[in-house]
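One structure is given below, encoded as structure tokens.
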Amino acid sequence: MPFELPELNWWAIAPVLAITLTGSLVMVVDLFTQRRRGQGHLAVISLAGLAVTAALSLLLWNADEEAAFGGMIIVDRFAQFFNLLFVFVVAVVVLMSQEQLDREDFHPGEYYSLLLFSVAGMMLMAAAGDLIMVFLGIELLSIPLYILTGFSRRRIESEEASIKYLLLGAFATGFLLYGIALVYGTTASTNLGCVAQTLGTRSALATDLCAVPALTAVTLPAMLLTGMGLLIVGLGFKAALAPFHMWTPDVYEGAPTSLTAFMSVASKAAAFAAILRVFLIAFPTLVADWGFMLAIIAVITMVVGNTVALLQQNIKRLLAYSSIAHAGYILVAVVAANELGLLAVLFYTVAYALMNLGAFAIVILLGRRGEENLLLGDYAGLGYRQPVLGALMTIFMLSLAGIPPTAGFVGKFYIFTAAVQADQVLLAVIGLLASVISAYYYLRVVYLMYMVEPARAYAAPARAPWVSLAAGLAAAGVLVLGIFPSQILEIAQASVRFLG
Amino acid sequence: MLWLVPALPLLGSVVSLFFGRRLPKALAGTIASGAVLGAFVVALLAVLEFVAGDTTHPFQQHLFPWIAWGEGRAQVLVAEAGLLLDPLSSVMVLVVTGVGFLIHLYSMGYMAHDPSYPRFFTYLNLFAFSMLVLVLANNFLFMFVGWELVGLCSYLLIGFWFTRPSAASAGKKAFVVNRVGDWGFLVALLLIWTTFGTFQFFADPAVATTGGVLDDPGRVIRDGSLALAIALLLFVGAVGKSAQVPLYVWLPDAMEGPTPVSALIHAATMVTAGIYMVARVHTLYELAPASLAVVATIGALTAIFAASIGLVQTDIKRVLAYSTVSQLGYMFLALGAGAFAAGIFHLMTHAFFKALLFLGAGSVIHALSDEQDLRRMGGLFSPLKVTALTFLAGWLAIIGFPGFSGFFSKDLILAKTLERGLEDPWYLVLYAVALLTVAMTAFYMSRLVFLAFFGRHRGADEGLMPAEARAVPEHEPAAAAGAVATHQRASPVVHASHNSRAADREAHGAHGAHGSTPHESPWIMLIALIVLALLSIGGGWVGIPPFMVGAAGHESPFEAFLAPSVAAHGAAEAHGALEATMEWVATGASVVMAGIGVAIAAALYLAGTPSPADFARRFRQPYLWLLNKWYVDELYQALIAHPGARLAAFLAAFDLGVVDGAVNGIARLSRGTGAALRSVQSGYVRGYAVTMLIGAFAILAFWAFRG
Amino acid sequence: MDQFPLLSTLIFLPLIGAVVALFFPRGNELWLRVWALFVSVVVFLFSVPLWFSFDAAEVGFQFVEVLPWVPEVGIDYRVGVDGISLLLVLLTTFLMPIVILSTWNSIEQRVKEFVSVALLLETAMIGTFLALDLFLFFIFWELMLVPMYFLIGVWGGPRRIYAAVKFFLYTMAGSALMLVAMMALYFLTSVPTASGHTFNLLEILRIPVPSDLQVWLFAAFAIAFAIKVPMFPFHTWLPDAHVEAPTSGSVILAAVLLKMGTYGFLRFCLPLFPQAVVAAVPLIALLSVIGIVYGALVAAMQRDVKKLVAYSSVSHLGLVMLGIFALTPIALQGSLLQMVNHGISTGALFLLVGMLYERAHTRIIDDFGGVAKLMPVFAAFFLLVMFSSVGLPGTNGFVGEFLILLGTFEAAALNLQIYAVVAASGVILGAVYLLWTYQRVMQGPVREHVGTNGHGLRLTDINAREIAVLVPLAIIILWIGFYPKPFLDRTAASLNAVGQRVAAESGRPVLAGPR
Amino acid sequence: MPPGFALPALPATVPTEAYVVLSAVLFAIGTLGVLLRKNALTIFMSIELMLNAVNVAFVAFARQFGQFDGQIFVFFVMAVAAAEVAVGLGIIVDIFRSRRTVDIDDVSWLRG
């Protein structure tokens, strides 16, 4: 049985390789360096590796679009866009972690390398041209996160979050895999292009490698639909779509704050990248089926996220529900399934990354060793105790609520414009009304900061220059994107025509 | 030059407003009075110039486009600020400035000790300005400005002593009741605009505009009901402003204001605005004869109704107030009979003698240290010679003593009504009512005069109170209780006089107690009285009917003068005038009626046989109804004010509970949803897994059962 | 663009002022106040040339500035002024110095924040009136909420947070619908640029919106604006917001923010959806008239002066709405003028109430009595403003109200006569509740020491600064009352064009009857 | 994979449908195990069962299509499952250390 190895174009996965190598390097260096000499050098190595990764992605930006590794990996601007986003996010998270590592006695070598490995998984998801690659990416993303979630050994919640995440994640993986199996069983391929071709769409990814199916979608639509439904479950879990979102609040609350920020932003973005790839490349013919289903899920997600968030007292939990709601918004753009929708997803992931990272940076800044100050009441009077922190938090909250002139507004604007263009007017209306509800709890943070006197005295937060830098960068980004969205839009516009 | 007429008082008002407090009192008063005097002089000159020319065409002065936009041919002109002088407004402007000036003069004495002296003259000058705008305006809307502004001034002046709740209430009541009337005016304006497309009274040949409303409105209005609607709506406005049934209720309360205000605004000028307006637009009324019948009926009804209340009031100013309402009714009767000139004539003479009576009453009140209750007066003739003599002149004028001004004007009204009655029997009924009212008027005025000036001074001696006062507390506890109850609502009943007394005391507080001896008022007040007395006597001579002097024709000089403005086009001209003998008979009838009234009053209050107390006891029920003013205030309270308040309270609760409740309900719903969904987030991993599984099944089931 | 960017200066000067204020060192309250006053006065001075250079005969937009902003999706920075926005912009710039001056002593806490928030608000308000790009309009429209939220929430009364959040969410809910409608309009456009569509209002005005779509889009816009106006039954946020807001907030809210709603109707609903507008006339007219009467009746029952004024706003703006939907040139003129009038009069009323509150620390009507005796100058201003609000001839209120009634009555084709007649009765009710309030507060026996719990505050008459705050308003009240022509001249052409457009595109004769 | 290099077709004694049904049953058993068992280790085993159900399906389909793809996938799944188990066991041990229990229902501090 001759088995021909496909041509391996290592260049196509250069960013992934770079980041994986960086992670490994961090681990190795960590082995050979003295403990307790500070972990600054590891951060520097990580950031340097990220810089290299970013450079490689930029080089690939102008490379020809192609499918590499026998169609497993797609090299296109869409992938590079996400690569850059992930690199940016993880860089900010590295900055944000400086305080946390110290405060919680993290083991920096493992921390950084796991973070970087996780990013490698995300990159593979965004570049996936095959359901197998989607699966592998998810797992590579998740397993380091399971570990990192339990990293706060001092807090009992951390390990609880970890086990919950792991069990539910593995459970969801089961669904995802079964979904892949059923799709494979119907179309005889896991390659997105081949699936599309079998289902009757011409795809640039489809090659002569695609097998002629023995069973077609025409004869077995039920199996295909079941497979697709299970894919929705598996991917929806990662993206925290209701009703597969249940892990989110618990895990976000339990995980170290910097990691929560990372998860809420990066793994969500990766999940949506994969969702876009899978549904837009493989199942465009079934858009009537999954479109409506995703629309319903989007509505449920927005309602669940926003209404439950109304009752939260813990800022991390509040942001967790908020992130669920935001997943709902992004899903609206996916449902729109048009070019503007893709643009909106890309823009929104960037905007959301900025504002959420910023918000979490403030959360970190407010805590001290042994005193996390995570309750909303701890924000009372912050605007006067710490005017700069208060102002930044206000910007992030307004952006999350979608008030102009912030990135969050522009992002929502594109999402719902896309929905309107796709004649999903009702969805747009529901989404916007949901964001009105959301304004309530975001504003709650704001009014606590400015309109309520603190119940007790708070010690001045520790100086954390790197975290402050991260927050400042995020705020600047939120405003720049809100007022001059043109630059990012151009880049996003260049990235929306993915190979498929 | 005409613009100076309103401008001078306005200027005076502004000066008083900004500098009044810094100027010496005498100077401030002089400036204010001087402004009105100036206006009078200018008006006189203007009128003389106008009379010298062709009086058939009104003189118009266009000041500036007021509510307008655009330029040239594209201009949309809703209304301009413009003045108009014709015989009708000539009479009005002279009365307003003339009587106004006298009252200003009087006020300088009367208000001399009031701390708010400058404020008073600010308001008074502002009133003069507003009234002049009202009578001089050359279009409906500008007239409406004056119309409303006089209402404002009335409000301000009634509530001049605003720290008294009754004064504040009375001011508000006056304004609000007037607004009800203004509603009619306003809607009439809307109809006029949609019908005619302009608010101008008359086209001005000097300016190329389209025709005015009153230049033969029949050319535009083909539909009689439209004319009727406009006429009646305008009349609603007139009813409010001129205190006719059913909107007269504010005027008696308006006596809470300082007495000169009562004289100027609530007797001589402002309240006659309704008469002026109806006369002004009489061409519209003539298009709808039914409207004239309404006007006449309301007028006659008001005349007798108010007179009946006046019969038993004990507050000197209130008697005069009801008398004013009654006299205004006469004027409307005249208008309704188509005798517009007669109405205006009576307006003028009434302005003289009623202003005189009020000012005289003010002088009495002043002399008695703010005593207004007739029951505590008496025998004032000798201490207050000038006041009393002038007052007597006013009395004779109002009861229609032959030769006095009121005689001629009232007689003309009666004659014209009778004339109309020969064609339309309804007017005969009205004539009868009017004739009866003559007797009643004579009675209550004589009663007032006898109680105040004759007999002996009763002062604070409660024991000598006239019977009718005793009747209430001693024999009619129920009525007394009712009266007290109304009093507590700051509503006007008999007891309000005590408040008024307190008020005027405040006004005079500065010059201390006068003691119990009445003293004559200062000369500056007496001058005004004397001049007005002369006018009350001779003011009617311009209107001596031809038959009395044996001249030919049917029109008195006054009527002839006014003819270009108010000559009836229709009904009134159609029929022949009465025979001279008939005229004499009619005149005699009214004189006889007046004589009867005087005689009864003399019997009761001079001779004391029968005693007023017995009289009141014998006719107890009618007496109580009259004393409580037919319970109209109470009726309005029960029918309008209370249900209105209840409705408002209901709506306020509705707003909070239902409308706002719905809004908060949405918020609660969101929260409730959140709470319900939150309960699913139990913390148990297996529960989460179940949810996921349910979600997965739901997706599949949806597709499976989609059909 | 070779001319001076006047409109952008107006929009962004306050913003710069706000940012600069943030960098003032703490403890410089006086200088902060002076700075804010200075900035707002300069902005006003910059707006004065608009009044004089405005070409009243020109129908279109003037002083237009265009800059590409987000060309990828067809969004421009496009501002301009026409007869509809001119007066409202001037009203805003005119009121801001007055508002800032009025807070001289009343805002003692967090002055820096106050100054910044107030100036930021001015930017947002002016921007809203001047924006000619739907996206830009929406940005400013939403941006306005934030400073107002802070204004109510930080410096407000005891229930300030409830009020601020309610205000924010209610308005935002309305604008959510509007945003969707804007997007729909966007996709109706077609321009030969990369984006293919545009948010440019001028382009959008050129497209014929299909009639079946008009109803929906109109409804979406109308709800957003109706909430802002606020029209019955969307008004309940207003009393709460007014009662809790500090004086300055109430003034701005009443004077300018509420005008955004009516402005929106004039600017967007009428020209864009003429058929839907004509179809909606009976409904809107009914709601307006209900609002007029209802607002007046409910106002009469209030114990808190501010709440009373708030409900009176519901009543007054009902009249404005009636005028807008009468669609006749006279009614439109009246409505726009009445917007300005309401801004001046109600703004002044709130200022007066604020002055009283500063002295007595209460706004409950029953706590007062005979104030006019103690504060005669104050009383004089109160009287003037009150009668302006009542619509007495000679004041601005009359001109606006009368034109609205006249224009509405004239709209024979829409059968609005009866509405005009009922609305006219609102005039009476307005007199009742205001006079009653005046009587209870200003008249009657003097209560020298007004205040809660025998607090015992002596009422003193207003000082020179407060007089300086009120005099400009009084002048405007009388100016418009006696000579409104300059105002009406400037608005006529634009409003006429709107009216004509509605008439032409709706296919129904909505203009005045025979004349 | 180029056509013509397919696996030699074996005589179809057991139809593919049967394998699929088997895998579905296994998957269902695994799922129920996750839902019904409290012991974290048992739950883990149940999840492994689910993954193996998937493997059965993949192999069956691959055999039917005569392809390698599905079989290759199985290796990936097994490798990943092993990694997951490694991490999972570590976490469970950790939990046991701190709480002296592996009852998953006791790990429910985070909620709401």
Side-chain angles (χ1 to χ4, degrees), chain B residues 17 64-71 76 78 81 116 119 130 141-142 144-149 151-152 155-156 159 162-165 167-169 171-172 175-176 179-180 182-183 186-187 189-191 193-194 197-198 644-645 647-649 651-656 659-660 662-664 666-667, chain C residues 56 166 169-170 232-233 235-237 239-240 294 297-298 300-302 311 329-330 333 370 372-373 376 380 383 387 392-394 398-399 402-403 405-406 409-410 412 417 420-421 424-425 427-428 431-432 435-436 438-439 442-446 482-485 488-489 491-492 512-515:
Chain B
L17 176 65
F64 56 89
W66 173 40
I67 301 184
W69 54 86
E71 302 296 337
V76 177
V78 176
S116 300
R119 186 161 62 91
S130 314
L141 205 58
F142 201 47
F144 190 62
V145 173
W147 185 272
E148 290 280 306
L149 285 182
L152 165 72
Y155 166 79
L156 294 172
F162 55 80
T163 50
R164 272 187 299 146
S169 281
K172 184 192 70 185
F175 196 83
V176 170
R179 291 290 276 195
V180 177
D182 296 344
W183 174 84
L186 197 59
V187 177
L189 288 179
L190 302 181
L191 269 176
W193 176 260
T194 47
T198 180
L647 177 66
L651 286 180
F654 174 82
D655 196 62
L656 214 57
V659 183
D660 199 29
V663 177
N664 289 329
I666 291 172
Chain C
K166 192 173 182 178
L169 293 187
Y170 213 145
F232 175 88
H235 63 277
T236 52
W237 63 269
D240 286 319
Y294 181 93
L297 282 172
V298 177
M301 281 296 112
Q302 301 306 320
Y311 277 106
I330 289 181
Q333 283 276 51
K373 196 84 189 169
L383 209 56
F387 279 109
L392 193 82
F398 174 72
V399 181
F402 185 74
L403 283 175
L405 292 176
L406 197 61
F409 196 79
E410 217 183 23
Q417 287 97 328
V421 172
S425 58
V427 172
I428 298 172
V432 172
L435 290 188
W436 193 34
Y438 187 83
Q439 181 193 345
M442 309 299 279
Q443 305 183 326
V446 176
F482 279 104
Y483 195 55
K485 189 166 179 293
L488 294 169
D489 277 346
T491 59
R515 233 210 331 282

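Numbers restart at 1 for each chain; the letters A, B, ... are given by sequence-line order, proteins then strands. All values below were derived from every heavy atom in this structure, side-chain atoms included, with hydrogens, water molecules and symmetry-related copies excluded.
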So which atom in [X] and which in [Y] form the shortest heavy-atom distance, rounded to 0.1 Å?
X        : Y        : value
B/Gly159 : C/Gln443 : O-NE2, 4.4 Å
C/Pro393 : B/Val145 : CB-CA, 3.5 Å
B/Thr194 : C/Glu410 : CG2-CA, 3.8 Å
B/Ala68  : C/Asp489 : O-OD1, 4.3 Å
B/Ala168 : C/Gln439 : CB-CG, 3.6 Å
C/Lys485 : B/Gly70  : NZ-O, 3.5 Å

To the closest 0.5 Å, what do you measure between [atom1] ([X]) and [atom2] ([Y])?
X        : Y        : atom1 : atom2 : value
B/Ile666 : C/Tyr170 : CD1   : OH    : 7.0 Å
B/Asp660 : C/Lys166 : CG    : NZ    : 3.0 Å
B/Trp66  : C/Leu488 : CH2   : CG    : 11.0 Å
C/Phe398 : B/Leu186 : CZ    : CG    : 7.0 Å
B/Leu651 : C/Tyr294 : CG    : OH    : 6.0 Å

Under 4.5 Å from any heavy atom of chain C - which part of B/Asp182: neither
Contact part of B/Leu141 toward chain C, heavy-atom cut-off under 4.5 Å: side chain, backbone, both or neither? side chain
Test side-chain contact (heavy atoms from CB on, under 4.5 Å) on B/Arg179 and C/Leu435; report intermediate values, then the result. CA-CA 12 Å; B/Arg179 291 290 276 195; C/Leu435 290 188; over 6 Å; no
Less than 4.5 Å to any heavy atom of chain B: does that hold for the side chain of C/Gln417, its backbone, both, or neither? neither
Report the option among B/Val663, B/Leu189, B/Val187 that has the most heavy-atom pairs separated by less than 4.5 Å from atoms of chain C. B/Val663
Compute the ring centroids of B/Phe144 and C/Phe402, then answer whether they are less than 6.0 Å apart. no
Are the aromatic ring centres of C/Phe387 and B/Phe175 under 6.0 angstrom apart? yes
Start with the C-alpha distance between C/Gln333 and B/Trp69, add both sets of side-chain angles, then the distance that settles side-chain contact (heavy atoms from CB on, under 4.5 Å), and finish with yes or no. CA-CA 10 Å; C/Gln333 283 276 51; B/Trp69 54 86; 3.1 Å; yes
Between C/Leu403, C/Leu169, C/Asp240, C/Val432, which residue shows the highest count of heavy-atom pairs closer than 4.5 Å to chain B? C/Leu403
